[in-house]
**Q** 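Supplied in structure tokens, the structure appears directly below.
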Amino acid sequence: GDHSPEDQQRFENILGAIIPLIGFIAFIMVIVGGFKILTSSGDAKGMAAGRQTITLAVAGIALAIISWLVLVIVEKITGVSVTQFTFGFN
């Protein structure tokens with residue numbers, strides 16, 4: 001069916017809130033991965049687990065950046081401000 005401007009705004013707000021959250025979580029995971037490596041005390045399995053955590057976190061950061069760039073491009077093409085988000089507590 002037809003989508004109201006309110007639905008579109010709600011969707012834009014959700015996207016705008018999720019993407020920075022992904023970046024924040026990925027940053028935390030890099031720290032967790034580093035901690036795993038530090039506490040592995042040379043154990044190969046611990047080192048591999050820490051490296052994998054960091055690799056996945058960096059992939060998450062890259063995904064968040066790419067997602068944001070896609071939104072910026074969509075905003076430039078359509079003129080719809082999808083990168084500006086507000087919470088509906090007016």
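Computed from a prediction, not measured in an experiment: that's the story for all the values here.
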**Q** Suppose the criterion is side chain to side chain donor-acceptor pair (under 3.5 Å): which pairs have a residue in residues 25-35, not counting sequence neighbours?
**A**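 Output for this query is empty, none listed.
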**Q** Clusters formed by hydrophobic residues whose side-chain heavy atoms approach within less than 4.5 Å: which one holds Ile73, and what are its other members?
**A**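 Ile73 shares its hydrophobic cluster with Ile77.
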**Q** Is it possible for you to say whether Ile61 and Leu69 belong to one hydrophobic cluster, with membership spreading through side-chain heavy-atom contacts below 4.5 Å?
**A**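 Same hydrophobic cluster.
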**Q** Give me each pair satisfying side chain to side chain donor-acceptor pair (under 3.5 Å) with a member in residues 21-31, each pair once, sequence neighbours excluded.
**A**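 Residue pairs with at least one partner in residues 21-31: there are none.
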**Q** Please report, to 0.1 Å, the donor-acceptor pairs under 3.5 Å made by any side chain of residues 44-57, with sequence neighbours excluded.
**A**
residue, atom, partner, partner atom, Å
Thr53, OG1, Lys36, NZ, 3.1
Thr53, OG1, Ala49, O, 2.9
Thr55, OG1, Arg51, O, 2.8

**Q** Could I get the full list of side chain to side chain contact (heavy atoms under 4.5 Å, CB included) partners for Leu63, not counting sequence neighbours?
**A**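 Partners of Leu63 under the side chain to side chain contact (heavy atoms under 4.5 Å, CB included) test: Ser67.
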